[in-house]
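The next block holds one structure in the form of structure tokens; read it before the comments.
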Amino acid sequence: MYFHKKRVIAMLLAGGQGSRLHVLTRKTAKPAVPFGGKYRIIDFPLSNCVNSGIDTVGILTQYQPLELNEYIGNGQPWGLNKTQSCAQVLPPYERNDKKSGWYEGTANAIYKNIDFVDRFDPDYVVVLSGDHIYKMDYNAMVEYHVANNASCTIAVRNVPLAEASRFGILNTNPDNSIYEFEEKPAKPKSTNASMGIYCFNWKDLREALIADEADPNSSKDFGKNIIPNMLNAGHKMMAYNFDGYWKDVGTIDSLWEANMEVLGKNPEFQIRGDKRSTIYARNDAHPSSYIDEDAKIADAFVAEGCEVYGTVKHSVISVGCTIGEDALVEDSVVMPDCVIESGAIVRHAILGEGTKVCKNAVVGGAFGPDDKKQISVTSKDAVVEANTVLLPGEML
């Protein structure tokens, strides 16, 4: 088969277990976790690719891949199913060297798919993560990379000094060239945090991946090995400053916060609006939502296919949900196909897909501005029995 040469392709790392999301990823890969009422987390980097003119995306899956693979399908929702474009799912496989097929790290995952990348003979490869919520023009980053004649360009954002030790930190010269990379340093020298978004010259990255694979002491990781090794070898590396909204939704708190940040007249993250940065998704056809005359809805997203008879305040209600009479949902994320029966109360919670909160049950509770957030969480298809209480911070 002939593969058309591409200037740029993307490799999307979507195989992580997502253990910090606890029960939400018990049966679901983290990139397939619902977000914002009608999306999945992976919709954001995939849509960014399409909006940036990148029409070839390799999607590396591993943990609980079935639902994610079905969701991606042939890439049609993102327009990646045309003659010279693709969204190719790349699960681990056993190579002819008889080594274990499992991906052993982010760099090893790309290494094991060198043949896929070589089919397109790209000049540049953009490496992305499948668990971030943001809108970004990758093409602008590629052009910055080319203009600076770099081997690698890393997207960075400024973070508070108190949070810097959670990230890979880039120390840069005045021209944004990188002279030092520190992976989660105890005492960071700057607040330039890596976003885990990289643009590489494919020739340089290919050589680095092969060399790294031959090192028996390597962790086979971009942040721990590939980036420092290329820097030490004298490759020119640049920092690309990004000042838009970006959030790693790898924890319960951050996932809840990101959902809350799409709400409001002037939200922190504008999920609606600009057609040039539309977020595309695979969605089943649902009827319009029914809002009963006695229902009360304020500062909320209510996706299609819902029935609302109770009260919804400052919450995200996903497709296909039912909110019963005299039920209250406040400051919560309700994932698809949930049923909240009459008299139930849901506060400061994330309800996994298909959760049923029975009559007069209580999930979560209120907290003040100075209290530590304690988000109650239910797993996929969980049942909160009638007249029971799931306390703040508890999981089911």
Side-chain angles (χ1 to χ4, degrees), residues 21 23-28 32-41 43 67 71 133 249 252 255-264 267 271-272 279 281-365 375-386 388-390 394-396:
L21 288 177
V23 297
L24 293 175
T25 50
R26 183 181 291 164
K27 300 177 182 178
T28 303
V33 169
F35 179 87
K38 58 182 296 181
Y39 307 101
R40 306 271 169 168
I41 295 172
D43 289 329
E67 184 177 355
Y71 184 75
I133 300 295
V249 288
I252 294 295
L255 179 63
W256 179 83
E257 288 168 359
N259 274 277
M260 296 298 101
E261 286 164 355
V262 305
L263 298 172
I271 206 171
R272 57 193 189 274
I279 302 301
R282 182 182 297 280
N283 286 302
D284 296 329
H286 289 274
S288 299
S289 290
Y290 172 74
I291 311 299
D292 188 71
E293 62 180 355
D294 293 326
K296 297 178 181 178
I297 300 175
D299 191 19
F301 272 6
V302 178
E304 59 265 33
C306 294
E307 295 183 27
V308 181
Y309 302 91
T311 299
V312 178
K313 298 179 180 179
H314 195 250
S315 295
V316 173
I317 310 298
S318 300
V319 294
C321 293
T322 299
I323 315 297
E325 294 179 0
D326 299 318
L328 169 64
V329 180
E330 186 174 15
D331 296 322
S332 294
V333 181
V334 180
M335 291 183 175
D337 302 317
C338 289
V339 175
I340 300 170
E341 294 188 341
S342 62
I345 297 174
V346 178
R347 278 196 176 110
H348 294 104
I350 300 176
L351 302 186
E353 292 181 77
T355 289
K356 183 177 182 180
V357 182
C358 298
K359 290 183 178 181
N360 301 315
V362 177
V363 177
I375 310 301
S376 302
V377 187
T378 65
S379 60
K380 191 173 185 178
D381 299 322
V383 177
V384 184
E385 299 290 349
T388 63
V389 177
L390 188 67
E394 285 192 332
M395 299 187 186
L396 176 65

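Note: hydrogens, waters and symmetry copies are ignored here, and every other heavy atom, side chains too, is used.
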Closest approach of Gly320 to Cys306 (non-hydrogen atoms, all atoms of both residues): N-SG, 3.8 Å
Any sub-3.5 Å donor-acceptor pair from Tyr71's side-chain atoms to Arg282's backbone N or O? yes
Check for a donor-acceptor pair, side chain of Ser315 on one end and backbone N or O of Val333 on the other, with a separation under 3.5 Å. no
With a 4.5 Å limit on heavy-atom distance, are the side chains of Val316 and Leu263 in contact? yes
CD1 (Ile323) and OG1 (Thr311) are apart, to the nearest 0.5 Å, by 10.0 Å
Within this structure, what is the CD1-CG distance for the pair Ile133 and Asp43, rounded to the nearest 0.5 Å? 8.5 Å
Minimum side-chain heavy-atom gap Asp294-Tyr309 below 4.5 Å: no
Looking at NZ of Lys313 and CG of Leu328, how far apart are the two atoms once the value is rounded to the nearest 0.5 Å? 6.5 Å
Rounded to the nearest 0.5 Å, how far does CZ of Arg347 lie from NE2 of His314? 14.0 Å
Looking at Thr388 and Glu385, would you say the former's side chain and the latter's main chain have a donor-acceptor pair under 3.5 Å? yes
Does Gly264 offer a backbone N or O that forms a donor-acceptor pair with the side chain of Asp299 under 3.5 Å? yes
Give a yes or no answer on whether the side chain of Glu341 reaches the backbone of Lys359 with a donor-acceptor pair at less than 3.5 Å. yes
Heavy-atom closest pair (Ala349 atom, Val363 atom, distance to 0.1 Å) is CB-CG1, 3.8 Å
Sub-3.5 Å donor-acceptor pair from the side chain of Asp292 to the main-chain atoms of Val308, do we have one? no
Where Gly36 and Phe301 come nearest, the two heavy atoms and their spacing: O-CD2, 3.9 Å
Side chains of Leu21 and Thr28: does their closest heavy-atom pair fall under 4.5 Å? no
Compare all side-chain heavy atoms of Ile340 with those of Cys321 and state whether any distance is below 4.5 angstrom. no
With rounding to the nearest 0.5 Å, note down the distance linking CG in Leu396 to CG in Leu390. 6.0 Å
Does the Ser318 side chain pair with the main chain of Lys38, one donor and one acceptor, at a distance under 3.5 Å? no
Suppose we screen for salt bridge (charged side-chain N to carboxylate O under 4.0 Å, His left out). Which residues come up paired with Glu67, at least two apart in sequence or across chains? Arg40, Lys380
When Ile317, Val319, Val33 are each screened for side-chain contact (heavy atoms from CB on, under 4.5 Å) with Met335, the one that passes is Val33
Restricting to non-hydrogen atoms, name the atom on Ala386 and the atom on Cys358 that form the minimum distance, rounded to 0.1 Å. N-CB, 3.3 Å
Minimum-distance pair of heavy atoms, taken over all atoms of Ser289 and Gly305: OG-N, 3.3 Å
Which atoms form the tightest heavy-atom contact between Gly352 and Leu24, and what is the distance? CA-CD2, 4.1 Å
Separation of Ile279 CD1 from Phe35 CZ (nearest 0.5 Å): 10.0 Å
For the backbone of Ser376 and the side chain of Trp256, can you confirm whether one donor and one acceptor N or O come within less than 3.5 Å of each other? no
